[in-house]
S.K.: 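After the structure tokens below, expect a handful of questions from me.
Note that the structure is predicted; figures quoted are calculated from it, not measured. Residue numbers start from 1 in every chain, and the chains themselves are labelled A, B, ... in the order their sequence lines are given, proteins ahead of strands.
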Amino acid sequence: MLIAIDPASPVPLGDQVAAAVRRGIEDGTVGPGDRLPAARDLATSLGVNVHTVLRGYQQLRDEGLVELRRGRGAVVSAAGTAEGAELAEAAGRLAAAARRLGLDEDDVLDAVRQALRRPAAHPRA
Amino acid sequence: MQRSLFVAVSAPLLAGAALAAAALGWADRFPAGVASHIGPDGRIDGVAATGSFAATGLAVCAGLALLWALLVRSVRRNPAGLRLLSAASSGSAAVVAAGAVALLVTSLDRTDLLGRSAPGWVLPLTLAALAGGSALGWFLGRSPAPARTPQPPPAEAPRIDLPVGGRAVWTRVVVAVPIAVGALAAAGLGVALTVTAGAAAGAPALLVAAALAVGTSARVTVDATGLTAHPGPVRRPRLHVPLDRVVSARRTDVRATEMGGWGVRMRGERTALLLRSGEALELDLADGSRFLVTVDDAATAAALVNTLAERARRC
């Protein structure tokens with residue numbers, strides 16, 4: 001799994017770490033049951049603070065893609081499949097757009113329900 | 001490279017010459033022969049005639065010289081392997097020489113030997129000789145080839161896109177199925193022996209199982225410090241190749257039969273961490289040797305090694 005970050009990017013470094021792991025899950029280089037590198041080792045390799053890496057891992061846990069267990073580190077969960085990662089990534093984009101537009105949660109969920117009810121013939125219009 | 005070969009072959013021969021010279025030089029001072037063996041209780045339980053003692057010692061040393069020469073031949077283009085063999089040969093020669101001289105000195109002017117206790121300094125002396133001889137061989141066997149390269153990897157070597165100032169790490173776990181099977185078999189044997197014959201009978205097999213279990217998987221990491229590999233569950237022991245030793249990296253294929261089995265192997269100019277046959281990351285090193293580690297997605301790893309090496313040498 002390649003984890004590349006760009007400190008010059010406006011995206012927070014923890015988010016970049018999470019995005020790289022998500023890509024790894026999406027393209028199948030890591031799958032359910034696989035252990036992610038220890039946060040301390042990854043932080044050393046990338047020259048970032050260990051809390052930055054842990055923030056990324058916690059984000060992945062909140063998305064249900066990894067499980068964080070004391071002593072075992074971060075392990076890709078059963079939901080950590082290519083589909084799961086794609087869904088988490090799309091949900092993240094939706095949430096970012098909703099925040100930018102200042103929408104509240106109910107409006108966003110309504111919009112998602114509407115979109116889901118629309119016939120599959122024009123999903124990407 | 002020639003020096004380490006010279007050390008590996010000449011150390012046992014020198015040891016043989018030294019012990020033969022000591023035995024023959026003192027030949028008329030062994031009225032009861034020479035102590036040839038010390039039992040586990042610390043008492044002398046074997047005696048030989050001076051001539052046959054010297055002949056046996058010489059034969060052992062000639063055998064060592066032949067063994068190390070054959071091993072040296074198998075890694076002759078790998079400076080790290082030659083240095084290791086140089087240390088091992090010099091250490092083994094020192095042990096033989098120190099052990100033989102200790103037995104000779106113990107036997108000097110003694111009219112009876114069998115059943116007498118051996119002096120307490122024989123074992124410490126032998127261990128000190130092992131340490132000192134190995135260190136001397138390690139020092140003498142150092143490679144004259146430059147270990148580092150200032151040149152960036154060749155242009156045709158693969159790279160990844162990494163923005164200026166971007167940082168990247170590649171990491172992957174590789175699992176050794178044959179070693180996992182061995183660990184399971186040893187664990188099963190250990191449990192069966194423990195149940196049928198008691199804990200003392202089962203313990204060795206369980207220890208073997210634990211050792212194999214540690215070697216069942218490895219995490220391979222490429223970052224700005226170079227390539228690092230360590231067992232999956234623990235950080236040590238680890239193999240590390242600093243980035244400044246790497247000339248270029250590529251993806252390759254390797255078979256366990258080419259390298260004589262699994263584990264850390266040295267063959268020809270190649271050193272390999274070989275946990276399975278198949279796809280591997282291969283590094284050309286500045287001293288002319290090559291380092292391989294079997295791992296999936298090796299093409300990405302190789303591209304990152306080249307990218308980071310180029311970056312480190314451009315600034």
S.K.: Between the side chain of B:S86 and the main-chain N/O of B:L82, is any donor-acceptor distance below 3.5 Å?
M.R.: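 Not confirmed, B:S86 side chain does not pair with B:L82 backbone.
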S.K.: Using non-hydrogen atoms and a limit below 4.5 Å, what part of residues 28-35 of chain A faces chain B?
M.R.: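 Within residues 28-35 of chain A, the residues that come under 4.5 Å of chain B (heavy atoms only) are A:T29, A:R35.
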S.K.: Is the NZ or CZ atom of A:R61 positioned over A:Y57's six-membered ring, under 6.0 angstrom from the centre and within 45° of the axis?
M.R.: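 Verdict for A:Y57: no cation-pi partner in A:R61.
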S.K.: With only heavy atoms counted, which part of B:T228 is less than 4.5 Å from chain A, the side chain, the backbone, both or neither?
M.R.: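 Interface part for B:T228: neither.
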S.K.: Is it the case that the side chains of B:T221 and A:D41 hold a donor-acceptor pair, with the cut-off being a distance below 3.5 Å and no angle test?
M.R.: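 Looking only at side-chain atoms, B:T221 and A:D41 do not form any donor-acceptor pair under 3.5 Å.
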S.K.: Sort A:L36 into side chain, backbone, both or neither according to what part of it lies under 4.5 angstrom from a heavy atom of chain B.
M.R.: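 Contact with chain B is through the backbone of A:L36 alone.
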S.K.: So for B:T225, is it side chain, backbone, both, or neither that comes closer than 4.5 Å to the heavy atoms of chain A?
M.R.: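 Contact with chain A involves no heavy atom of B:T225 at all.
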S.K.: For each of A:G73, A:A20, A:P7, A:A8, tally heavy-atom pairs with chain B at distances under 4.5 Å, and name the one with the top tally.
M.R.: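 Heavy-atom pairs under 4.5 Å are most numerous for A:P7.
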S.K.: State whether B:W138 and B:R83 meet the cation-pi test: NZ (Lys) or CZ (Arg) under 6.0 Å from the six-membered ring centroid, and within 45° of the perpendicular axis.
M.R.: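 Yes, B:R83 lies over the aromatic ring of B:W138.
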S.K.: Are A:E89 and A:R23 ion-paired here, with the side-chain N under 4.0 Å from a carboxylate O?
M.R.: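 Looking at A:R23 together with A:E89, the answer is no, because their closest N to O distance does not fall below 4.0 Å.
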S.K.: Using 4.0 Å as the upper bound for N to carboxylate O, is an ion pair formed by A:D27 and A:R22?
M.R.: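 No, no charged N to carboxylate O under 4.0 Å.
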S.K.: Among A:G24, A:A4, A:A38, which residue has the highest count of heavy-atom pairs closer than 4.5 Å to chain B?
M.R.: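 Heavy-atom pairs under 4.5 Å are most numerous for A:A4.
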S.K.: Specify which of B:A168, B:G232, B:P163, B:A301 makes the most heavy-atom pairs with chain A at under 4.5 Å.
M.R.: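 Most heavy-atom pairs within the cutoff with chain A belong to B:A168.
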S.K.: With no hydrogens and no angle check, do the side chains of B:W170 and B:D297 hold a donor and an acceptor under 3.5 Å apart?
M.R.: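 Yes - a donor-acceptor pair under 3.5 Å links their side chains.
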S.K.: Which is it for A:L46 and A:I3 under the side-chain contact (heavy atoms from CB on, under 4.5 Å) test, yes or no, and what are the steps along the way?
M.R.: CA-CA 9 Å; A:L46 291 172; A:I3 299 177; 4.1 Å; yes
S.K.: For chain A, which candidate among B:L162, B:D223, B:V169 shows the most heavy-atom pairs at distances under 4.5 Å?
M.R.: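 Of the options given, most contacts go to B:V169.
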S.K.: To the closest 0.5 Å, what do you measure between OG (B:S289) and CZ (B:R245)?
M.R.: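 Rounded to the nearest 0.5 Å, the OG-CZ separation comes out at 6.0 Å.
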